[in-house]
Amino acid sequence: MNALLHLHERPAIYLIVAAFLLAAGVYGLIRRRTLIGMLIAGELIFAAASLNFMAVNRFFAPDPSVGQIFVLFIMGLAAAEVAIALSIIIAVYRNYRSIHSGDMSELKG
Amino acid sequence: MIAEKGLITSGHASDGTHETFTLNLGPQHPAAHGVLRVLMTMDGEWIQRAEPIIGYIHRMHEKMGENRSWAKFLPNTSRIDYLSAMNYTHAYVGAVERALKIEVPERAEYARVITSELNRISSHMVWWGALLLDLGGFTPILYAFDDREKILDLLEGLCGARLTYCYYRFGGLYNDVDDAFLKGTRDFVAHMKPRLTMYRELVTDNIILRKRLTDIGPISADMCRRYGATGPVIRGAGVAYDVRTVEPYSVYPKLKFKIPTYPQADSMARYLVRMDEMEQSLSIIEQALDLIPAGPFMAPKVPRVIKPPAGDYCYAVEAARGRFMVRIVSDGKEIPYRVKLRAPSFSNLSLYEEASKGMILPDALAMMGSLDLVIPDIDR
Amino acid sequence: MSLKTAIRETYDGFKSLITGMRITAREAAKPTITVQYPHETLPMPDRFRGHVKLILDPATGQAKCNACGLCVRACPSNSLEVDGAKREGEKRKSVSKYELDFTTCSLCGCCVEACPSDAIEYSKEYNVVSRDRDDFAKMDIYKRLQAESEEWKKTHPTPPAPPAEAAPAATPTPATPVAATSSPAAAPVVAPAATPAKPATSAPVPAPAAASPAAPEQKPT
Amino acid sequence: MNPTLEQLTAQFAALVAERASVSLPVVGGALCPDGTASSVESGRRSGFTPDTSGVNPDLPKPSPVQSVAHALKGYDLNATVAPDQVVAAAQLLDRAGFGLDAVTGVDWMAQNEMEVVYDYFHPTASLRVVVRTRVPRATPELPTISPVFPGANWHERETHDFFGIRFSGHPNMKPFLLPEDADFHPLRKDYAP
Amino acid sequence: MIDFLNLEPVRILLYLVAICAFVGANAAYLVLAERKGAGRIQRRPGPNEAGPAGILQPLADGIKLLAKQVMVPPGTDALLFRAAPLMVMAPPLMCLATIPFGDSIVAVNLNIGLLFVFSFGSINVMALMLGGWASRNKYAIISAARVVSQSVAYEIPMLLVVITMLMVTGTLDLSEVVKQQAGWFWHWNLFKVWVNPLMPVTFVIFFTCMLAETNRAPFDMAEAESELVAGAFTEYGGMGFGVFFMAEYANIVVGCCLATILFLGGWQSPIGALSGGLWGPVWFLGKMYALIFTVIWIRWTFPRTQFYSLLNLSWKILIPVSLGTLLLTGAMMKLMPFVFPSLH
Amino acid sequence: MKPFPFADYLVFAIFAVAVGLTVGGALIAALSTRIIRGVSGLMISCVGLAGLYYFLNSPFLALMEILIYVGAVCVTIVFGVMLSEPDEPAGEEKRRHARLWSGGALAVSALVFAGVAWLSLHGPWTAPAKLVSDGSVRAVGLSLLTTYSLPFELISAVLLVAILGALVIARSGRTKE
């Protein structure tokens, strides 16, 4: 019981949750057939990475600001990625009337 | 753009890159001011095509005219455009008088001009408030209604009704203008002038309103001509077309007034025309109050049973929304053979489809507000 | 657009906004203008066109109407139904039924204008409410007159013995005495019998002084 | 160009020259002092025969264009044309700078005809022109003038609703003011509700 | 931070209850105040039948809304449709937890309170958007699209202004911000023209952005009645609509609280004394309600702006000007370090 | 102030809620068929993640997570959803094929989960002897502007390029102004 109450002070739980987020992201990436769905799955993977960073930063890093800085960078990258990806998705949608990845396979050079 | 299966019919625009959807604006919509339906084909918020669909309160006034005597049609004329009922009655009464060659006494003519112009002011006030309501300003309509109430009280004291006056009769008036009315009208004119200044400061000068109306909804003079748009719409396109001067009727030739025109042909021009018209109407009323003679208010010999000689007769007046014309066709009987009501809002709305092409939704609604539509007038 | 005009425009725009707010603040400081309707009412203008009502002949306590039917013919919407009967001891016909279909009446006033004997006028009643459609579809004007007539009888405890002679002589008398005599008692009559749900306060100002506004002048010929 | 339109052209030219430049108000009647000439009720009509919609040269030619006193009638010029000439008349008036005011019909049941009336106004001159034509009641059909005056679109739809007059070539002859399923034409004299 | 939770959960719970009550009462009575204010401006009495001077009107409205069936129209995404009102109500409640109403009257005295308010405030957009989208109504969807472009456009100048204020105050702690403005009213940030000569302009920008972020007239694009019927809430009835409505007022309260704290000295009195104890909330609420009254006043004076001029205003005027104030403040800080004692 | 007696339980409850939101949100994001619910799942997951960051001693990042992910990323994705038609096409694929796909995906992700979890639990983690900074906002800010100033600038450049790129790509199709 005591162990359960201090769960939030154990690194393992964070790492496992991060692993789960990663797995969910991977599943989504494989399973989703629309570009936006894939984008969401990608965001989950980013979140997994961030959580890992933070957990390691909190429990194992000598300088607890480094992990936070990296998570901030990840957030910035994620925002940039979303902006670009969505603009691409919209451009694709305009041209192909669809954003299903299967339909994209007919793209020709 | 926004496509949802089953809910939004998606189609392809001509260039193939934009998806359109259909927006049913009305028959119940806050901006329609009645039961007007506009079927809009939208590309996002951009209008590709806006087709007004009318007839939801069609009452077939013209058929009603064909199955009752000439005099019995009088109450109907107040109910076509309930906001400028005086003008409409004037046109019908004028047509019958023209057919019967009745000379209307001068006192009655001046009274008609005074009441018609009061009616025009009250109509423009409703338009002003309603336009501001369309544009999201809530307060002006209540100020306008406060002032309009004074007009309605005057007219109610005169003829007993506030909206559907039925005040004119063939050859004169229903009852005489009394001193209380004349004095009340003078007081109203004095009261109204500073109020118009207030209107200008509160709304016309407002930067938000100017941004919303300037350069929005251009309707060129040629377009007005081809669609038959009259009234403030054509005057807002720079053409000084006003029935009061083009086909002078009643005692208007004896009164001095300006026809406000603005050449910009946008919504702001139409707005300013109406605001100026209120001032001009006040000046007309002042002059008419000074000029109104004593005397009878009914022509001496109006037949008890009206039987206009066979033929067709037109009579047009400048109603608040534009040229209103009554064309009566008589076959010499007690009952009209045909009454055609040429309603100004009908023609003013008919250009909406062409004018609203490519506009953004709020602008199109602002333009619709600047046309000053009265739906019963369109549907008749 | 140069910077100067931009700044100028911004300044003007801002000033117009401030002006607008000043005006609404000024208006807010003024007293309210609305009339709180059920609690207070406005006086009705003399010429107000309510539904028609029969005029009581002050001399006889009976209706002036002789059921000639001109009003029925003048009505654009065929809302009137009038019937007359010859009463005992009277030379002319008098009204025995006067029904108004208020649901179709457009209050145009054609009937009042058409009446040759000035026997009908507009009531000042605008608060017409009922739960029953028939109260309007078959508005019994004659019954109201009878109620008025009863009131008249109370104020005139001894009705003149020979009414047949007095009646025609009294017809041309101006209408003002009617109001003078009947106005104190008219209030309950004006409030329609068919309005049980309505509080008594909502009755309009009872029968104003000049109840019959210059009736002879307003005829077209 | 047939005589009607020629007359119309000539009179327009004269009238427009006279009035368009002058500042208003001018009341009509100068050209036709008696001003009572009217072809409506007299039964005189344009050269119309039921089997062909064109002008029948056998019929005596009425004077198709009349000047009318504005004070008496409310319009200045009254032209009666054949059904196939309405478009030409509209084009003529369009070139002269006129605007379309209204299109409407009159059902002359006694003569078994329908009259279609086109009202034109001039935005700057005090000049109003009425163009009339007649079609048989059995087959009321006319060419549309909506390509010339787009405002006629609605007026013609309305006239079709009320009278059942078909305007061939009209882009959108759907029911307008009447309900979508209305199969009657209320302004026909034989219509009983 | 975790110790903090250990110590004061009861206090926080109590405060949360109090905040819920505060928001509820405010939302209810601001509606009444709005209607009364509109009535005053339009020279009519406003609601005056329910209770003396209409004081029970919110109660009557609430009962009416509660008694109505909550309709979920067919074709909607029922789950999101139901979730959106909750999502829209949660952020202002959270935000108010960090607002210091007085010297020590604050639920959670976060040292990054300002960030807290903004991060939770950003959820609001998402909620409106989901509500609009889930309604599957064309007007609602147009409104949702407008909400996004509008709040994205106005979040930028607002955050720029807030960054300016951050530079001036040097802290994200809202209580600290207020404490710095102690003394007479010229110590308020609004009047600190020696720090940044454009400070009043900054305040006007903040206020404008606040109006736009809360979808208030003249920027009420999201629920432009005459265009989009009721915008994102078109399909909502009963309490669903009521919650959206309350959330709008709760957001106004939050926005005005923030403006009070950042610019008008929070709970500090304008005369240099009488700030302590119960005087604090009095001053704070006085300033806040004055701002709210201005918001109401503006709504009933102006017409609605055009959508693209709204965006133009943000992108072409507010963002450049707020960037300008930001740079100016930075330059002033560099050039005149003596006016920024907090940094040295 | 006296410590609250059930504080530990409360903390645990809040922690459990945070973990639950993260995991549940991720599940919704990965499994839901309607894309708009996927976005909502992502949003829920981010809120839970913010709670976890809070427990990891960084309320600053918790708020940034909400501000950026919920306020910006999710809103942008929903906007993208509104602009296109992204719902999964139902019944287009053969059911067996679909089952195979999801089975495969499930296997892969389970493998990933197991592997990463094993690695995380059995990795050579050692707690540091002493901390060089306290990890506060001030410390983060200081190192952002000193040690990590180059990446910081690079990130801002990336963001700028992303904005411009997004503008260019999304604008090309639009002919109207």
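Only heavy atoms go into these numbers, but all of them, side chains included; no hydrogens, no water, no symmetry mates. From a predicted model like this one, the values you see are computed outputs, not experimental measurements. Chain identifiers are assigned alphabetically (A, B, ...) following the order of the sequence lines, protein sequences preceding nucleic acid strands; residue numbering begins at 1 within each chain.
- At a threshold of 4.0 Å, the pair E/E34-E/K36 does not count as salt-bridged, since none of the basic side-chain nitrogens sits closer than that to a carboxylate oxygen.
- Between E/D61 and E/R35, at least one side-chain N (NZ, or NE/NH1/NH2) sits under 4.0 Å from a carboxylate O, which counts as a salt bridge.
- For chain E, the option among B/L132, B/I216, B/L23 with the highest count of heavy-atom pairs below 4.5 Å is B/L23.
- Heavy atoms closer than 4.5 Å to chain E are found in the backbone of B/N24, but not in its side chain.
- The cationic atom of E/R304 (NZ for Lys, CZ for Arg) does not lie both less than 6.0 Å from the six-membered ring centre of E/F219 and within 45° of the ring axis.
- Look at B/D146 and B/R195 and you find a salt bridge, because one of the NZ, NE, NH1 or NH2 atoms lies within 4.0 Å of a carboxylate O, short of that distance.
- For chain E, the nearby part of B/L133 is the backbone; its heavy atoms alone come within less than 4.5 Å.
- Using a 4.5 Å cut-off between heavy atoms, B/L202 touches chain E through its side chain atoms alone.
- Heavy atoms closer than 4.5 Å to chain E are found in both the backbone and the side chain of B/F138.
- Salt-bridge check for B/D187 with B/K150: failed, with every basic side-chain N at 4.0 Å or more from each acidic carboxylate O.
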